[in-house]
2 protein chains.
Amino acid sequence: MLLSKSCVYGLRASLYLAGHQSENYIPIRQMSDKLEISFHFLTKILQQLTSAGILESYKGPNGGVRLIRSGEDVTLMEVVLAIDGDYMLTQCALGLPGCGVMKPCPIHEKWAETRDKIRDMLESTTLTELAKKGKDLDLRITAEGGFEDL
Amino acid sequence: MLLSKSCVYGLRASLYLAGHQSENYIPIRQMSDKLEISFHFLTKILQQLTSAGILESYKGPNGGVRLIRSGEDVTLMEVVLAIDGDYMLTQCALGLPGCGVMKPCPIHEKWAETRDKIRDMLESTTLTELAKKGKDLDLRITAEGGFEDL
DNA sequence: AGGTTTTAAGACTCTTTAATCTTAATATAA
DNA sequence: TTATATTAAGATTAAAGAGTCTTAAAACCT
Ligand code: SF4
Ligand code: SF4
């Protein structure tokens with residue numbers, strides 16, 4: 001799979017937060033319920049996003065987690081990098097050790113092109129953009145329901 | 001990772017075979033040595049390609065494995081499908097259960113575009129094409145060496 | 001102060017993928 | 001026919017990824 005499951009969860013949670021443009025912290029429990037993701041697992045993933053400087057967290061009652069910057073300024077790429085690292089964008093098709101332009105494998109040329117498409121997509125798409133689209137069209141964010149159920 | 005390790009090994013072995021346009025069977029041991037892949041593991045992967053109708057095998061002395069059709073007629077897609085299935089091309093970014101155009105997630109539109117690029121690349125690239133390029137430019141196929149060492 | 005709500009951190013378990021090891025089956029050749 | 005070379009198949013082990021559980025720390029509230 002292109003993105004690890006952790007990363008997908010991280011993206012969905014980030015979209016959730018971007019869909020709640022509130023100054024309040026959102027409890028992880030609420031997100032894990034709505035998004036149907038294991039609470040403890042999600043907690044760990046959000047910790048990664050917190051230490052990556054994408055989220056900030058607060059303990060205790062009325063605590064939770066929220067985006068530091070506005071969702072308009074956060075690209076999918078940032079979230080992916082924080083969770084999966086740049087493996088996908090540097091390693092690739094044949095994944096030979098230390099490969100690259102210097103001594104490429106035969107797929108390199110074609111693959112690099114494809115890979116750049118993925119990078120461009122991740123870099124040019126923001127959380128807010130997707131959350132807005134999700135709300136306007138009531139698109140899916142959970143297994144069953146859409147943004148309206150959030 | 002986009003492709004599983006098994007799949008990458010399968011691709012490299014297929015390229016190896018395409019680079020040896022010989023009517024003889026090539027022993028798996030020879031390939032596993034040259035490509036630095038565990039013999040038994042590679043054997044299993046090639047069995048998948050054999051039962052998928054991409055390779056044919058022969059036992060005993062002078063036995064081994066070879067492409068059924070010419071490498072010109074075999075696309076990367078065939079190899080990928082035989083080993084990893086179509087998961088990568090149907091599932092994707094958020095990977096919600098049963099997702100798709102009917103009730104898409106907010107990334108769907110952008111992702112589908114990217115995904116088609118990957119599909120096109122895999123479908124339009126043949127083993128022979130890459131093997132030829134690999135030979136002409138002595139590109140990498142193993143960790144250390146290039147096609148010349150095959 | 002003491003109890004409650006929440007995130008943080010780490011140990012632990014389960015599942016999947018990767019890799020190894022053993023035995024069987026098939027073909028060749030001397 | 002016996003020894004050897006090779007793929008086929010299945011059991012086993014190892015490593016990584018995913019998920020759960022427990023305890024700690026921080027913040028709030030009465
Ligand atoms: S040479 Fe390029 S395409 Fe090939 S494995 Fe390395 S980065 Fe990927
Ligand atoms: S809706 Fe489309 S982009 Fe979203 S997870 Fe499903 S297939 Fe992927």
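Bear in mind the structure is a predicted one, so any value in this text is a computation, not a measurement. Computed from heavy atoms alone, side chains included, the values below leave out hydrogens, waters and symmetry copies.
- Using cut-offs of 30° and 60° on the angle between ring planes, the pair A/Tyr9 and A/Phe41 is perpendicular.
- Counting only heavy atoms from C-beta on, A/Asn62 has its side chain closest to D/dC28 among D/dC28, D/dT20, D/dA11.
- Between A/Ser38 and D/dA18 there is no side-chain N or O to OP1 or OP2 distance below 4.0 Å.
- Closest to the side chain of A/Ser57, from the set C/dA8, C/dT4, D/dG19, is C/dA8.
- Counting atom types as modelled, B/His40 pairs no side-chain N or O with a base atom of D/dT7 as donor and acceptor under 3.5 Å.
- Distance from the side chain of A/Pro27 is smallest to C/dT7 among C/dT7, C/dA19, C/dA11.
- Side-chain contact, A/Lys110 with B/Thr125: a donor N or O sits under 3.5 Å from an acceptor N or O.
- For the pairing with A/Ile28, the side-chain contact (heavy atoms from CB on, under 4.5 Å) check across A/Leu42, A/Asp33, A/Ile37 returns one residue only, A/Leu42.
- For B/Tyr58, the listed nucleotide lying nearest its side chain is C/dA27; candidates were C/dA11, C/dA27, D/dA27.
- For A/Ser4 and D/dG17, the shortest distance from a side-chain N or O to OP1 or OP2 is not below 4.0 Å.
- Of the candidate nucleotides C/dT20, D/dT7, D/dA27, D/dA27 has the atom nearest to the side chain of A/Lys59.
- Remark: nothing in residues 45-56 of chain B comes within less than 4.0 Å of DNA chain C through any heavy atom.
- Taking only distance into account, the side chain of B/Lys44 meets the base of C/dT20 through a donor-acceptor pair shorter than 3.5 Å.
- Looking at the side chain of A/Ile28, the nearest of the listed nucleotides D/dA8, C/dT7, C/dA19 is C/dT7.
- In this structure, CZ of B/Phe39 is placed 14 Å from P of C/dT22, rounded to the nearest angstrom.
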